[in-house]
Student: 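This is the structure I want to talk about, given as structure tokens.
To find a chain, count down the sequence lines: A is the first, B the second, and so on, and within it residues start at 1. Note that the structure is predicted; figures quoted are calculated from it, not measured.
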There are 2 protein chains.
Amino acid sequence: MTPRAPEPRSRRERPAKPALTHETIVAAAVRLMAAEGLRRVTMRRLAQELDTGPASLYVYVAGTAELHAAILEELLGEVDLTPADGDGDSEGHGDSDWRDRLAQVLLSYTRVLFDHPGLAHSALLARPAGPHYLALVETVLALLHQGGVPDGQAAWGVDVLLQVATATAAEQSGRAGDQDAEDEHNRLVEALRQASSRTHPRIAALGGDLASGTPQQRLAWIFRAVVNGAATTPR
Amino acid sequence: MTPRAPEPRSRRERPAKPALTHETIVAAAVRLMAAEGLRRVTMRRLAQELDTGPASLYVYVAGTAELHAAILEELLGEVDLTPADGDGDSEGHGDSDWRDRLAQVLLSYTRVLFDHPGLAHSALLARPAGPHYLALVETVLALLHQGGVPDGQAAWGVDVLLQVATATAAEQSGRAGDQDAEDEHNRLVEALRQASSRTHPRIAALGGDLASGTPQQRLAWIFRAVVNGAATTPR
DNA sequence: ACCTGAACACCGTTCAAGT
DNA sequence: ACCTGAACACCGTTCAAGT
């Protein structure tokens with residue numbers, strides 16, 4: 001435990017203090033999120049990470065909302081769009097249904113949100129306008145087109161599909177690891193189970209089925225149901 | 001402008017300092033929200049409103065999340081469930097389609113969320129377990145039952161319907177009045193319109209239709225599409 | 001012209017100490 | 001036993017003042 005003289009800053013213990021630009025700030029934000037979660041990606045914490053004061057960030061980003069939208073757009077690059085091109089895997093059923101391929105893409109999107117706690121939540125509010133988001137929209141539209149869904153219905157349907165995927169991810173992702181949220185959900189399940197058949201006949205009739213299924217099973221059904229609805233409901 | 005001696009506290013300028021209970025705290029929170037919006041309903045601000053310190057509130061409410069859930073449950077009492085019982089209006093088409101009546105109920109729900117900025121946002125995260133929420137679920141289930149939707153599909157469908165309604169309200173409600181959010185949306189619309197037909201053929205093909213329609217028109221279609229999907233998609 | 005220290009106006013939550 | 005003052009550890013955003 002011999003004390004050592006502090007190494008000079010020029011030997012840079014950190015990856016070097018990067019120049020401040022919109023790009024380097026967003027990159028640092030993505031790193032910080034991976035390390036500590038979106039909740040910790042605040043203007044102040046990020047400024048600290050970048051060895052500067054919070055005011056300096058405002059020269060390059062409009063505020064917290066824009067920052068979170070930029071992170072989302074960046075992470076959307078992780079969504080696997082390849083299932084849309086035909087067989088994405090090696091199992092040989094190359095002409096799998098367009099519905100399955102669409103579900104695979106949406107599931108990949110959901111997983112990206114789910115893997116980054118807080119991101120889904122932010123995705124519900126901020127609709128990014130970057131290339132990764134456009135690519136996702138294009139892919140979903142192409143699959144709906146392939147399935148013969150009329151244009152007008154596809155145009156409105158893509159929004160619903162992404163919305164439902166996002167909301168589901170937010171719900172699940174908000175719950176995981178959060179004891180309070182878990183408790184709250186259990187209270188709801190309990191309330192549904194306890195409902196009197198006199199005052200709430202339908203809830204009582206359905207019983208535990210209201211909360212049945214794994215998240216995966218529910219999500220798979222939801223995607224199918226919404227796609228079917230969009231495909232068959234004229235505007 | 002003659003200065004007056006301060007009135008003695010006992011004459012109580014405020015509605016009287018209410019005893020602290022879960023109930024009085026939630027009631028004060030609802031009042032505060034009506035007056036200043038959900039954003040201002042913080043533990044500290046609420047404590048100030050109740051003439052006490054924030055620590056005192058923690059004896060009766062678990063924290064901010066529970067508080068917001070309680071406000072939501074309270075406000076859900078404003079949802080108009082009467083359309084479910086038959087003709088809710090005086091125009092004489094008493095046997096209107098169950099789909100229309102369902103849409104009316106969901107629209108009322110959406111409007112309640114929309115009228116209270118921030119509430120929809122909170123509704124996406126907190127699923128309340130109180131009587132008003134149960135009544136809403138029961139009503140939607142009853143209408144789906146009336147429409148002959150199979151039980152299992154109704155059980156999972158009610159969630160999707162409320163989720164879609166909530167998410168749509170959050171999106172619209174977040175945008176209204178917020179210049180930044182408005183700008184962000186316009187940037188997305190612009191990006192969709194600018195998309196090259198070479199790299200994004202489907203987006204280009206659909207053009208402005210991706211962002212077409214009023215929120216009301218879109219929501220009406222969404223409800224119909226999701227109901228149709230849930231009604232026709234087996235689990 | 002460009003950047004930022006310091007301030008303003010807030011937060012949620014806890015716990016030791018009081019009544 | 002019940003309640004709470006005061007503290008801890010943070011926030012977003014702005015703007016006057018510096019370089």
Side-chain angles (χ1 to χ4, degrees), chain A residues 9 16-26 28-29 32-33 35-72 117-119 121-122 125-126 174 177-184, chain B residues 9 16-26 28-29 32-33 35-72 117-119 121-122 125-126 174 177-184:
Chain A
R9 263 290 201 181
K17 183 167 172 173
L20 281 189
T21 65
H22 183 92
E23 213 174 321
T24 56
I25 290 174
V26 171
L32 181 55
M33 163 179 216
E36 309 189 6
L38 188 65
R39 219 179 12 153
R40 300 272 175 238
V41 185
T42 65
M43 296 300 270
R44 291 181 101 105
R45 180 74 183 75
L46 188 55
Q48 181 187 317
E49 206 66 15
L50 289 164
D51 265 321
T52 182
S56 304
L57 302 186
Y58 282 86
V59 178
Y60 307 99
V61 294
T64 309
E66 198 212 274
L67 181 64
H68 285 190
I71 293 174
L72 175 62
L119 191 63
H121 176 195
S122 131
L125 307 180
D178 185 335
Q179 191 54 56
D180 287 350
E182 186 85 44
D183 291 352
E184 195 178 89
Chain B
R9 263 291 201 177
K17 184 167 172 174
L20 281 190
T21 65
H22 184 92
E23 214 175 320
T24 57
I25 291 173
V26 172
L32 182 56
M33 164 180 218
E36 309 188 6
L38 188 66
R39 219 179 11 155
R40 299 273 175 237
V41 184
T42 65
M43 296 300 271
R44 291 181 100 106
R45 180 73 183 77
L46 188 56
Q48 182 187 317
E49 205 67 15
L50 289 165
D51 264 322
T52 182
S56 305
L57 302 187
Y58 282 86
V59 178
Y60 307 100
V61 293
T64 308
E66 198 213 272
L67 181 65
H68 285 189
I71 293 176
L72 175 61
L119 191 63
H121 176 198
S122 131
L125 307 181
D178 185 337
Q179 191 54 54
D180 287 350
E182 184 85 45
D183 290 352
E184 197 179 86

Student: Are OP1 or OP2 of C:dC3 and a side-chain N or O of A:T52 less than 4.0 angstrom apart?
Tutor: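 Looking at the OP1 and OP2 atoms of C:dC3, neither is under 4.0 Å from any side-chain N or O of A:T52.
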
Student: In the strands shown, is D:dC8 matched to any nucleotide by a Watson-Crick or G-U wobble pair with both distances under 3.5 Å, and which?
Tutor: C:dG12

Student: Picking from B:L20, B:I25, B:L50, what satisfies side-chain contact (heavy atoms from CB on, under 4.5 Å) with B:S56?
Tutor: B:L20

Student: Taking atom CD of A:E23 as the centre, report whether more than 12 heavy atoms of other residues, nucleotides or ligands fall under 6.0 Å from it.
Tutor: no

Student: Would you kindly give the CD-to-C1' distance between B:Q48 and D:dG5, to the nearest whole Å?
Tutor: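 It works out to 16 Å between those atoms.
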
Student: When you compare D:dC10 with C:dC8, how far apart are their C1' atoms, in angstrom units rounded to a whole number?
Tutor: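 D:dC10 and C:dC8 have their C1' atoms separated by 15 Å.
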
Student: Nearest 0.5 angstrom please: A:R40 CZ to A:L32 CG, how far?
Tutor: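 Taking CZ in A:R40 and CG in A:L32, the distance rounds to 9.5 Å.
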
Student: According to a strict under-4.0 Å criterion, is A:Y58 in side-chain N/O contact with OP1 or OP2 of D:dC15?
Tutor: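 Answer no for this pair, as no side-chain N or O of A:Y58 is under 4.0 Å from OP1 or OP2.
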
Student: Find the distance B:R44:CZ to D:dG5:C1' and express it as a whole number of Å.
Tutor: 11 Å

Student: Measuring only the C1' atom in each nucleotide, how far is C:dC3 from D:dA16? A whole number of Å is fine.
Tutor: 12 Å

Student: Is any side-chain nitrogen or oxygen of B:S56 closer than 4.0 Å to OP1 or OP2 of D:dC3?
Tutor: no

Student: Can you identify which nucleotide, out of D:dC3, D:dG12, C:dT13, has its nearest atom closest to the B:Y60 side chain?
Tutor: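 My answer, after comparing the listed nucleotides, is D:dC3.
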
Student: Whole angstrom is fine here: how far is it from CZ in B:R45 over to P in C:dA9?
Tutor: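 In whole Å, C:dA9 P lies 15 Å from B:R45 CZ.
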
Student: Can you confirm whether A:S122 sits close enough to A:L38 that some side-chain heavy atom of one is under 4.5 Å from a side-chain heavy atom of the other?
Tutor: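 Yes. Closest side-chain heavy atoms under 4.5 Å.
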
Student: Among D:dC11, D:dT13, C:dG12, which nucleotide sits nearest the side chain of B:T42?
Tutor: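 Closest nucleotide to the B:T42 side chain: C:dG12.
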
Student: Find the distance A:D51:CG to C:dG5:C1' and express it as a whole number of Å.
Tutor: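 Nearest whole value for this atom pair: 15 Å.
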
Student: From CG of A:L46 over to C1' of D:dT13, roughly how many Å is that when rounded to an integer?
Tutor: 15 Å

Student: Between atom CD in A:E66 and atom P in D:dT13, what is the gap in whole Å?
Tutor: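 Atom CD in A:E66 sits about 11 Å away from atom P in D:dT13.
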
Student: Quick check for you: among D:dT14, D:dG12, D:dT4, whose closest atom lies nearest to any side-chain atom of A:A55?
Tutor: D:dT14

Student: Looking only at the side chain of A:V59 (C-beta and beyond, no hydrogens), which of the listed nucleotides C:dT4, D:dT13, C:dC11 gets closest?
Tutor: C:dT4

Student: How far, in whole Å, is C:dA9 from D:dA9 if one measures between their P atoms?
Tutor: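 Looking at atom P only, D:dA9 and C:dA9 are 24 Å apart.
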
Student: Measure from the side-chain N and O atoms of B:H68 to the backbone N and O of B:V41, and report whether any donor-acceptor pair falls under 3.5 Å.
Tutor: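 Yes.
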
Student: Could you check which of D:dT4, C:dT4, D:dT13 has an atom nearest any side-chain atom of A:L20?
Tutor: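 Comparing D:dT4, C:dT4, D:dT13 against the side chain of A:L20, the answer is C:dT4.
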
Student: Return the value, rounded to whole Å, for the distance between atom CG of A:L67 and atom P of D:dT13.
Tutor: 10 Å

Student: Which whole-number value in Å describes the distance from A:M43 CE to C:dT4 P?
Tutor: 13 Å

Student: Rounded to the nearest 0.5 Å, how far does CE of B:M33 lie from CG of B:L67?
Tutor: 10.0 Å

Student: In Watson-Crick or G-U wobble terms, both distances under 3.5 Å, what is the partner of C:dC2?
Tutor: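 Its partner is D:dG18 (Watson-Crick or G-U wobble, both distances under 3.5 Å).
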
